[in-house]
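Here's the structure we're looking at; comments come further down.
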Amino acid sequence: SLEDIEYEFKIAKAVHASGVKSPAVKEIVQVNGQNGLIYERIYGETMLTILKRQPWKVFQFGKLLAQYHFQMHACDFNAEVPDQKVKLHNRNKRVEALPDDLRSKLLDALEPLPAGNKVCHGDFHPDNIIVTNDDAMVIDWIDASKGNPLADVARTSVLALGAASTFNVGMGLFIKLFHASYVKEYFRLNGSGKEEYQQWIPIVAGARLSENIPELET
């Protein structure tokens with residue numbers, strides 16, 4: 001819908017203006033009755049595509065993912081964009097897969113955790129990183145919010161470990177090695193916050209269930 005396209009345009013423009021390495025958004029267009037956006041063209045491949053072809057880069061790319069995420073989290077989000085804590089509260093409140101007592105515990109645990117005003121992607125994983133010759137661009141900002149970087153790191157962990165649980169043993173181990181490299185590097189750069197990050201994980205995992213992914217509900 002045009003409303004969704006206008007929302008994505010606003011988010012993408014705010015992200016690019018924040019200083020995050022992301023494609024510039026140019027204009028809203030309509031082609032054959034369909035709404036769309038024109039973005040700056042980026043020449044490269046996604047990190048995931050390269051990993052599938054060169055799996056021996058698992059540790060190198062895990063570290064790179066952390067470095068890109070850390071760079072993003074240095075940027076303030078000075079725009080009218082969704083608040084991360086509000087999104088997490090609303091998603092945990094409405095998710096049907098959570099028992100009521102667990103829902104209450106997650107909402108209570110969320111309340112005292114610090115908010116923030118940093119750029120948070122909300123869906124940060126290797127398929128949303130386009131690697132160019134000497135740099136990288138982050139794409140797919142529809143779930144972006146203003147918030148706490150540690151909650152955003154927790155979201156990446158939930159995505160990775162959830163994915164690992166749905167694959168065979170070999171692929172699951174590969175994803176876990178990638179994730180371990182990512183977390184180790186992020187907290188080497190950040191210097192602190194790992195305990196708080198662990199507090200965010202169950203809250204973010206609960207919110208993830210609102211996305212109706214049956215294999216993660218068991």
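K87 has its side chain out of reach of D83: every pair of non-hydrogen atoms, C-beta onward, lies at least 4.5 Å apart. Between L65 and F61 there is no side-chain heavy-atom pair separated by less than 4.5 Å. Side-chain atoms of T46 and V131, non-hydrogen and from C-beta on, never get closer than 4.5 Å to each other.
Counting heavy-atom neighbours within 6.0 Å of E80 CD, excluding the residue itself, gives a total of 12 or less. Residue K184 places its NZ atom among 12 or fewer non-hydrogen atoms of other residues, nucleotides or ligands, all under 6.0 Å distant. Taking a 6.0 Å sphere around CD of E111, one finds it holds 12 or fewer heavy atoms contributed by other residues, nucleotides or ligands.
The shortest heavy-atom contact between L88 and A207 is CD2-CB, 3.7 Å. A pairwise comparison of heavy atoms in S18 and V119 identifies OG-CG2, 3.6 Å as the closest pair.
V138 and F9 are members of different hydrophobic clusters when ILVMFWY side chains are connected at heavy-atom separations under 4.5 Å. Residues Y39 and W141 do not share a hydrophobic cluster, clusters being chains of Ile/Leu/Val/Met/Phe/Trp/Tyr side chains in contact below 4.5 Å. Linking ILVMFWY side-chain heavy atoms closer than 4.5 Å, directly or via other members, places I142 and V25 in two distinct hydrophobic clusters.
Checked for salt-bridge contact, R53 and E45 meet the test: a charged N lies under 4.0 Å from a carboxylate O. Residues R103 and D100 are paired through a salt bridge, judged by an N-O separation under 4.0 Å between the basic side chain and the carboxylate. One finds a salt bridge joining E211 and R155 here, because a Lys/Arg side-chain nitrogen approaches an Asp/Glu carboxylate oxygen to under 4.0 Å.
Counting only N and O atoms by type, the side chains of K57 and Q54 include a donor and acceptor under 3.5 Å apart. Side-chain atoms of H125 and T156 form no donor-acceptor pair, as typed in the model, at a separation below 3.5 Å. No side-chain donor-acceptor contact under 3.5 Å links N35 and E6.
No donor-acceptor pair closer than 3.5 Å links the side chain of H121 to the backbone N or O of A144. No donor-acceptor distance shorter than 3.5 angstrom exists from the side chain of E185 to the backbone of K63, with no hydrogens or angles considered.
Checking L189, V153, N190 one by one against H73, the side-chain contact (heavy atoms from CB on, under 4.5 Å) holds for a single residue, V153. Checked against Y197 for a ring-ring contact (aromatic ring centres under 6.0 Å, His included), the options Y182, F187, Y186 give a single hit: F187.
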